[in-house]
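Below is one structure; the comments refer to it alone.
Within every chain, numbering begins at 1; the chains are lettered A, B, ... in the order of the sequence lines, protein sequences first and strands thereafter.
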Amino acid sequence: MTEMTFADAVREGLAEEMRRDPLVWALGEDLSTAHGGTSANQYLGLIDEFGPKRIVNTPISENTIMGAAVGAAVAGTRPVADLRMADFGMCAVDELVNQAAKIRYMFGGQARVPLVVRQAIGMRKGGAAQHSQSTEAWYVHTPGLVVVAPGTPADGRGLLKSAIRADDPVVYMEHKDLWVSKGDVPDDEGLVPIGVAKTLRQGTDLTIVSWSKMAQLSNDAAEALAKDGASVEVIDLRTLWPWDKAAVYASIKKTGRLLVAQEAVQVGGFAAEIMADVTENCAGDLKTHARRIGAPRMPVPYAEPMENEYRVTTERVIAKARETLDA
Amino acid sequence: MTEMTFADAVREGLAEEMRRDPLVWALGEDLSTAHGGTSANQYLGLIDEFGPKRIVNTPISENTIMGAAVGAAVAGTRPVADLRMADFGMCAVDELVNQAAKIRYMFGGQARVPLVVRQAIGMRKGGAAQHSQSTEAWYVHTPGLVVVAPGTPADGRGLLKSAIRADDPVVYMEHKDLWVSKGDVPDDEGLVPIGVAKTLRQGTDLTIVSWSKMAQLSNDAAEALAKDGASVEVIDLRTLWPWDKAAVYASIKKTGRLLVAQEAVQVGGFAAEIMADVTENCAGDLKTHARRIGAPRMPVPYAEPMENEYRVTTERVIAKARETLDA
Amino acid sequence: MNQTTARENKPAHIFELYQTMCLIRAFEEKAEIAFDDGFINGSIHQYIGQEAVGTGVCQNLRASDYILSNHRGHGHSIAKGANPEAMMKELMGRVGGTSGAKGGSMHIADFSVGMLGANGVLADGLTMGVGAAQAITLKGEDNIVAVFVGDGTTNRGPFYEALNWAMVYELPILFVCENNTYASSTLTRSVTAGEGPVARAKAFGMPASDVDGNDIVAVDELAADLIARVRSGGGPHFLHARTYRVKGHISRDKLLYRRDGETSENWENEPLGRCAGWLAENGFDESELRTAHSAAYARIDAAVESAKAAPFPDAALAYVDVQDFGPPEPWTKEGGAS
Amino acid sequence: MNQTTARENKPAHIFELYQTMCLIRAFEEKAEIAFDDGFINGSIHQYIGQEAVGTGVCQNLRASDYILSNHRGHGHSIAKGANPEAMMKELMGRVGGTSGAKGGSMHIADFSVGMLGANGVLADGLTMGVGAAQAITLKGEDNIVAVFVGDGTTNRGPFYEALNWAMVYELPILFVCENNTYASSTLTRSVTAGEGPVARAKAFGMPASDVDGNDIVAVDELAADLIARVRSGGGPHFLHARTYRVKGHISRDKLLYRRDGETSENWENEPLGRCAGWLAENGFDESELRTAHSAAYARIDAAVESAKAAPFPDAALAYVDVQDFGPPEPWTKEGGAS
Ligand SMILES: Cc1ncc(C[n+]2csc(CCOP(=O)(O)OP(=O)(O)O)c2C)c(N)n1
Ligand SMILES: Cc1ncc(C[n+]2csc(CCOP(=O)(O)OP(=O)(O)O)c2C)c(N)n1
Ligand SMILES: [Mg+2]
Ligand SMILES: [Mg+2]
């Protein structure tokens with residue numbers, strides 16, 4: 001195990017995959033210049049090892065970053081396209097949803113589209129309306145796509161590697177606040193399987209299901225609740241499609257209570273899908289109806305008091321968990 | 001009342017609003033040539049009455065159709081932008097979600113964005129993967145947007161008119177199969193309020209909530225079930241955001257059973273939101289947990305047997321309704 | 001494709017291209033009849049009148065070269081070597097269709113001959129095309145990519161991104177703009193500023209050529225030259241082919257937006273007749289041409305019959321080939337799916 | 001803006017522009033300090049070194065004219081007449097901010113002076129700009145629109161769509177490309193093919209001019225001329241202003257990607273110094289210039305102090321101004337929201 005930041009861990013993961021397979025390459029804006037030291041440097045130094053044909057600094061052309069990745073994937077390579085933020089990813093929804101997600105199917109299985117598209121999600125202090133969005137729900141709703149949203153450096157690295165090896169197009173959503181977070185990363189290959197959740201904490205009274213940064217907040221909430229004597233199980237889904245239903249169902253069987261916590265806008269978010277699924281499939285095991293927590297349906301405001309009002313905080317998760325426990 | 005097709009009714013509605021308010025105008029590809037008689041002709045003849053400054057035939061430039069509508073809206077006019085299909089609407093998600101939906105908020109209320117964007121949804125026989133999608137769930141998940149999906153000619157006209165008069169950006173989703181469908185349209189102004197559902201059929205045993213074309217299928221299902229003695233209430237939401245919670249809650253209070261029926265892919269669809277909401281807010285009134293029906297999570301296939309396998313049919317709604325009734 | 005023999009005997013080479021063009025024409029005409037008879041769902045965008053462009057370009061490509069097409073892809077596919085019998089099955093949604101009957105007319109693809117797909121969304125073939133070319137350079141192959149784009153589509157932003165991208169990375173790609181005068185029911189020049197696609201391509205530093213797209217001899221010569229240049233590392237090239245969409249945008253289109261006589265005038269200039277004229281002047285007699293023409297129609301007639309006779313695919317195949325991780329759950333008897 | 005007096009007395013006019021440029025420079029420098037001191041969240045894109053472009057263009061516009069800006073919008077805003085005090089409050093997220101503290105640095109807007117917004121998504125101002133121009137023509141006004149776009153952003157597709165659109169509808173719009181050499185940490189020319197933005201604009205038939213963007217006298221003269229042409233129905237125009245981003249892409253940027261000496265060389269050419277030089281040659285003495293400079297800094301210092309003293313907005317204001325239909329539900333004590 002080595003302690004490293006999320007950004008370092010995923011960069012290592014990418015480099016390892018690029019060493020393993022010469023058909024793996026990355027493209028995006030400012031990749032070779034590593035954002036000039038202004039961002040998380042997930043590509044820092046890779047240009048020196050892999051050169052400009054495999055660490056491709058692109059023009060500001062989101063449609064083509066995504067479209068070229070699709071074309072290069074069907075033509076036999078494994079591109080990792082970086083759109084920087086899910087907000088800018090909105091400029092390339094067409095290429096992702098109409099092409100990447102559908103090509104294998106609509107051409108009757110003639111092609112695979114083995115690409116990874118990185119679209120960072122989440123609020124970063126002061127990010128405001130256009131640099132803060134979490135759009136995972138859109139892509140879960142899109143047939144053909146795999147969606148992952150790792151919450152730790154080890155999962156970030158391990159899931160990136162699995163995503164690169166997968167023959168499906170994978171939307172890889174890293175939380176901007178996580179880039180600088182630290183954690184232990186295994187020294188071995190450290191693959192994290194797609195579709196397998198991780199139980200962060202065992203418990204018997206309530207299951208909190210979450211992902212990405214919110215999994216950590218949920219864990220913090222569980223710790224706080226433990227002081228009150230509540231035993232809360234916390235599941236970090238890590239993969240949102242296909243999500244680990246078996247793990248969630250099993251946990252609900254044990255605890256009888258479910259809270260789904262997400263950072264994204266609550267209305268129409270991925271938590272709604274889990275709620276709906278569990279309502280249909282775990283009715284007998286639930287002692288009280290499932291609950292969810294997510295952001296109010298409004299854009300992300302800038303000023304701190306409003307931004308904090310917007311946020312799904314640990315305290316709010318605790319309050320909602322209490323409500324679920326008491327019901 | 002006059003009987004007309006959906007396409008004729010919405011064209012009349014648009015013309016009426018354009019006569020009423022000189023700041024209302026429309027833009028999109030092939031508007032003045034009315035798709036050369038190949039499509040639903042929702043704009044046929046309007047060019048003669050309103051001229052090329054108000055019925056604007058645009059280049060094939062989806063980003064700009066949407067972006068220009070936003071700019072023109074903040075600059076004091078009321079554009080109706082037609083992106084033809086939600087599938088092509090994916091080329092302009094950025095302008096809709098990052099700009100139209102956020103401008104009022106992120107500029108602190110200095111501006112309003114009174115625009116309507118038409119994005120037809122739904123399967124049309126043989127439409128295949130890229131001309132069939134129903135993406136309403138994405139826009140319900142997007143703060144700042146209003147989403148309507150009328151199911152009859154009268155509602156199509158009345159909601160288009162209300163959408164044009166609204167100061168919010170409205171995503172107007174008409175089902176391609178509905179364009180040729182006929183219905184009675186009131187001879188008066190016929191405004192249909194945003195956010196108000198319509199009960200298509202009263203019932204006491206089960207509530208089916210639906211919208212767009214699926215509301216009609218749900219009604220057909222209810223009729224069939226009536227022959228078996230089941231009394232099914234059918235609610236056509238018409239507006240998806242804000243959806244008429246009061247109407248749905250009241251119906252559930254009466255029937256104690258809920259089925260939500262949608263044409264879109266089930267996973268992560270709008271039905272999940274209704275399920276989640278009702279699970280949280282109507283738990284006491286539900287005799288059995290809420291259920292939903294939607295398409296399998298796969299692209300729309302072309303060949304008829306596969307296409308039919310994909311479809312949410314009346315029969316499938318009936319089966320799911322029976323399951324709910326029997327639970 | 002027999003390019004070497006062909007070069008030695010130009011009339012014989014042009015005759016081969018004529019045969020391909022006849023096959024495309026026959027395919028489109030028969031497809032329209034099948035459509036009108038209810039055998040084809042959705043809509044079909046026919047290539048009639050534009051055959052010389054796809055034929056002249058694609059027949060100069062290798063099977064290992066890639067093409068990316070658009071909504072009007074039947075001609076490109078046939079010219080690139082896709083099997084018309086399988087294509088007709090695809091249009092009719094039958095077993096044996098090129099895309100397993102999952103795609104239909106707008107999603108014909110045949111990866112075995114480098115035909116990476118028609119496309120229902122305008123301009124997406126362009127961005128995917130530069131990516132495919134990038135893959136070629138990464139793999140160190142000497143293949144190239146040709147992308148077809150309509151005149152109307154040159155007003156979509158991704159077109160310019162792709163031109164710039166191709167130049168920046170010096171990719172082996174040929175952009176083929178088929179200027180058939182119309183974009184659906186809109187006269188393209190009514191919504192297009194400036195001198196048009198050639199000037200626009202040149203503004204990106206891309207060498208660009210213009211050709212009479214209804215003249216197969218000219219298209220063939222120019223395409224052969226440009227493809228050789230692109231293949232030998234000359235970087236991207238833009239080819240603007242002037243042509244005309246003699247039929248409607250889709251088969252049902254009544255062409256109400258055209259002035260009287262416009263269509264018939266343009267029929268005079270359609271490429272098959274012109275090619276036949278050239279062949280007649282270059283040693284072929286009428287009967288040889290008629291035989292070739294009839295052979296194409298006979299082949300397509302048979303393709304139609306065999307497609308009509310082919311079974312529809314099993315409904316259960318709908319669930320296949322979605323994705324490895326988290327494939328769809330089939331409907332259950334109770335009406336559940338996910 | 002006093003354009004008529006100014007024209008009669010050119011040095012006095014340029015002196016006014018100098019004052020605006022000083023205000024922008026002071027704003028940016030003080031904002032950086034406030035950022036480093038933790039008073040500003042997110043990130044700020046400074047306009048230092050580019051002041052002459054925004055000033056020369058915007059000060060030739062009327063308040064009723066519109067501008068659409070991008071992520072680097074402080075200078076455009078001040079030049080168009082937005083209140084720097086309110087802007088500083090916006091940056092610090094305080095009551096009285098231009099956007100009610102909801103937007104921050106990247107979402108400055110002041111509709112009362114025609115400043116329709118900075119923007120966090122590249123190129124979107126272009127498509128919105130042509131729409132605003134279309135609204136002007138529909139309303140029959142004689143206002144115009146100016147849109148600012150960075151060099152790097154000219155590689156995004158919507159840029160070309162907007163150029164074409166503006167020409168097709170002959171809209172009253174001036175596109176201002178601020179070529180500051182960089183796009184974030186990338187040298188724009190390394191990812192840009194051909195001769196660049198001017199050639200690209202011309203390919204759409206759009207008249208295009210090039211100017212030394214660090215020379216306020218040149219920018220002012222050209223902008224005045226072009227704006228008059230656009231206003232009098234001359235159709236769109238493209239103005240390419242060569243400049244240099246002397247600071248980092250955002251304030252935290254350490255400029256590690258630049259060669260040694262590059263930044264300092266370019267500092268020699270920055271527009272305030274050059275303008276001061278011109279003014280000195282045209283009758284202004286040092287002390288007048290120093291006074292103007294100090295006045296700007298004093299005003300911004302005061303703006304910073306008053307911003308720091310201003311209260312933060314009430315958390316409850318977060319729920320205001322989302323939408324009329326279906327506004328958000330506030331959090332309840334139980335932690336619910338929707
Ligand atoms: C992004 C997108 N916008 C609109 C359409 C609808 N559409 C299909 S074909 C077409 C016209 C295309 O014109 P052109 O590029 O000239 O090609 P042609 O049909 O003439 O071959 C349009 C508008 C689409 N398929 N995709
Ligand atoms: C669509 C989109 N892509 C990427 C970004 C991230 N980004 C912000 S500024 C910038 C560079 C812009 O360069 P240029 O257009 O030259 O403007 P400058 O910053 O030099 O003023 C990038 C890539 C963004 N905000 N929006
Ligand atoms: Mg055309
Ligand atoms: Mg720049």
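- The shortest heavy-atom contact between B:Arg297 and A:Leu145 is NH2-O, 2.9 Å.
- Neither the backbone nor the side chain of B:Ala128 has a heavy atom closer than 4.5 Å to any heavy atom of chain A.
- With a 4.5 Å cut-off on non-hydrogen atoms, B:Met106 touches chain A through its side chain but not through its backbone.
- In this structure, the separation between NE2 on B:His131 and CG on A:Asn98 is 9.0 Å, given to the nearest 0.5 Å.
- The closest donor-acceptor contact from the side chain of A:His141 to the backbone of B:Val267 lies under 3.5 Å.
- For B:Phe270, no part sits under 4.5 Å from any heavy atom of chain A, backbone or side chain.
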From CA spacing to verdict: side-chain contact (heavy atoms from CB on, under 4.5 Å), B:Trp138, A:Thr135: CA-CA 9 Å; B:Trp138 291 1; A:Thr135 51; over 6 Å; no
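- Judged as a salt bridge (Lys or Arg N to Asp or Glu O under 4.0 Å), the pairs with a partner in residues 93-111 of chain B (not counting sequence neighbours) are, in order, B:Arg104-B:Asp168, B:Arg104-D:Asp321, B:Arg104-D:Asp324.
- The shortest non-hydrogen separation linking B:Pro143 to A:Pro299 is CB-N, 3.6 Å.
- Looking at A:Val260, there are no atoms closer than 4.5 Å to chain B (heavy atoms on both sides), in backbone or side chain.
- A distance of 5.0 Å separates OG1 in A:Thr279 from CE in B:Met275, rounded to the nearest 0.5 Å.
- The two residues B:Gly268 and A:Glu273 make their nearest non-hydrogen contact at N-OE1, 2.6 Å.
- Residue contact with chain A, scored on non-hydrogen atoms closer than 4.5 Å, involves the backbone and the side chain of B:Thr142 alike.
- Of the residues considered (A:Val300, A:Thr288, A:Val140), A:Val140 shows the highest number of contacts with chain B, using heavy-atom pairs under 4.5 Å.
- Chain A forms the most heavy-atom pairs under 4.5 Å with one residue out of B:Pro301, B:Ala101, B:Ala283, and that residue is B:Pro301.
- Rounding to the nearest 0.5 Å gives a distance of 14.0 Å between OH of B:Tyr105 and OH of A:Tyr302.
- Contacts of A:Glu62 with chain B are absent, with no heavy-atom separation under 4.5 Å from either backbone or side chain.
- Annotation: the span from A:Glu280 atom CD to B:His289 atom NE2 amounts to 7.0 Å, rounded to 0.5 Å.
- Among all heavy-atom pairs drawn from A:Val97 and B:Gln133, the shortest one is CG1-OE1, 3.7 Å.
- Comparing A:Met298, A:Arg291, A:Gln130, A:Gln99 by how many heavy-atom pairs each has under 4.5 Å with chain B, the most go to A:Gln130.
- For chain B, the option among A:Gly144, A:Gly269, A:Gly89 with the highest count of heavy-atom pairs below 4.5 Å is A:Gly269.
- In this structure, chain A has no heavy atom under 4.5 Å from any part of B:Val278.
- Of the two parts of B:Thr324, neither the backbone nor the side chain holds a non-hydrogen atom closer than 4.5 Å to a non-hydrogen atom of chain A.
- Counting non-hydrogen atoms of neighbouring residues, nucleotides and ligands closer than 6.0 angstrom, the NZ atom of A:Lys287 exceeds 12 such neighbours.
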